[in-house]
Amino acid sequence: MTYTLNAAHLYGDLMNTYGDIGNILAMGYYAKAVDATINTELISLDNPFDPAKYDFVLFGGGQDYEQTIVSKDLQTKKAPLTDYIEAGGPFLAICGGFQMLGHYYIGAQGEKIPGIGALDHYTLSQDNNRFIGNITIKNAETGQTYYGFENHNGTTFLGKGERPLGDVIQGHGNNGKDQTEGVIYKNTFGSYFHGPILARNEALAKRILKLALQRKYPDGDFSTLDQLHEDLTKNVVVKP
Ligand code: GLN
């Protein structure tokens with residue numbers, strides 16, 4: 001393989017709801033077609049996070065109990081994670097992971113679970129309710145439609161410098177009120193979509209993969225990524 005990306009799977013042993021690691025597998029599937037490979041490292045409790053080492057970070061969803069455990073450890077990684085995000089490192093945060101990149105999440109029992117405030121959103125709790133079901137959104141910049149499945153108690157409100165990943169067409173999204181779903185801030189993407197989101201949304205998988213490849217290999221030509229399509233009858237990626 002000509003190109004190698006190093007991915008950090010943050011707290012993958014504690015927060016990996018609905019197999020969120022499938023997002024890295026989906027990226028790896030397209031990476032192979034442009035002669036790239038993705039090495040994944042689990043970064044969990046007590047493991048340092050070195051922002052210079054990684055080309056992609058995945059932070060999956062989780063249950064409130066695991067989030068309280070992760071929240072404490074996460075404070076020790078606040079500075080390097082914020083540096084990585086501010087430097088434009090590609091990052092995908094799903095559900096609980098998305099919540100924890102913001103200021104805080106009020107859990108279902110009313111407990112305040114601190115995030116790291118690397119992004120400006122905050123998350124409140126619903127009274128005896130969860131948003132569960134299929135969801136469809138449209139990304140304003142590309143016009144692309146994304147499909148997923150949401151299951152969350154938290155209601156998230158975006159803040160400064162944050163734009164939504166998409167506008168809700170069907171489902172609830174960030175808070176069930178303002179029609180926003182997820183977030184984009186620099187090269188950080190957040191979403192409530194499980195599924196996993198990149199396995200179900202090829203265009204987004206390629207977009208984030210291309211960001212990571214171009215950032216590490218500025219002289220590389222990854223234009224073929226846009227022309228790849230899947231031949232589902234043979235279950236292969238067809239190169240142009
Ligand atoms: N525990 C959080 C909530 O209920 C996150 C859920 C998730 O990651 N699926 O909102």
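Each ligand, and each atom within it, is numbered from 1 in the order the structure gives.
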Side chain or backbone of [X] under 4.0 Å from ligand 1, or both, or neither, by non-hydrogen atoms?
| X | value |
| --- | --- |
| Tyr18 | neither |
| Arg130 | side chain |
| Ile94 | neither |

Below 4.0 angstrom from a heavy atom of [X], which ligand 1 atoms are there? Numbered from 1 as shown, please.
| X | answer |
| --- | --- |
| Gly61 | 8 (O) |
| Gln67 | 1 (N), 2 (C), 5 (C) |
| Gly154 | 3 (C), 10 (O) |
| Asn151 | 6 (C), 7 (C), 9 (N) |

Please check whether [X] reaches ligand 1 - meaning an N/O of the residue sits under 3.5 Å from an N/O of the ligand, judged on distance alone.
| X | answer |
| --- | --- |
| His152 | no |
| His194 | yes |
| Cys95 | no |
| Asp64 | yes |
| Thr17 | no |

Charged N to carboxylate O below 4.0 Å: is that the case for Asp55 and Lys216?
yes
min-distance protein heavy atom vs atom 3 (C) of ligand 1 -> Tyr105 OH, 3.2 Å
Does the side chain of [X] come under 3.5 Å of the side chain of [Y] through a donor N or O and an acceptor N or O?
| X | Y | answer |
| --- | --- | --- |
| Glu181 | Ser191 | yes |
| Ser71 | Tyr104 | no |
| Thr155 | Asn175 | no |

Non-hydrogen atoms of Glu150 versus ligand 1: any pair closer than 4.0 Å?
no
For Lys186, which residues count as a salt bridge (charged side-chain N to carboxylate O under 4.0 Å, His left out) partner, sequence neighbours excluded?
Glu86
Partner of Tyr192 by side-chain hydrogen bond (donor to acceptor under 3.5 Å, both in side chains), out of Asn151, Asn174, Thr156:
Thr156
Using a 6.0 Å distance limit plus a 45 degree cone around the ring axis, check whether Lys206 lies over the aromatic ring of Tyr30.
yes
If you count every heavy atom of other residues, nucleotides or ligands that lies below 6.0 Å from Tyr147 atom OH, does the total exceed 12?
no
When you look at Leu5 and Asn39, which way does the side-chain contact (heavy atoms from CB on, under 4.5 Å) test go after all the steps?
CA-CA 6 Å; Leu5 295 177; Asn39 296 327; over 6 Å; no
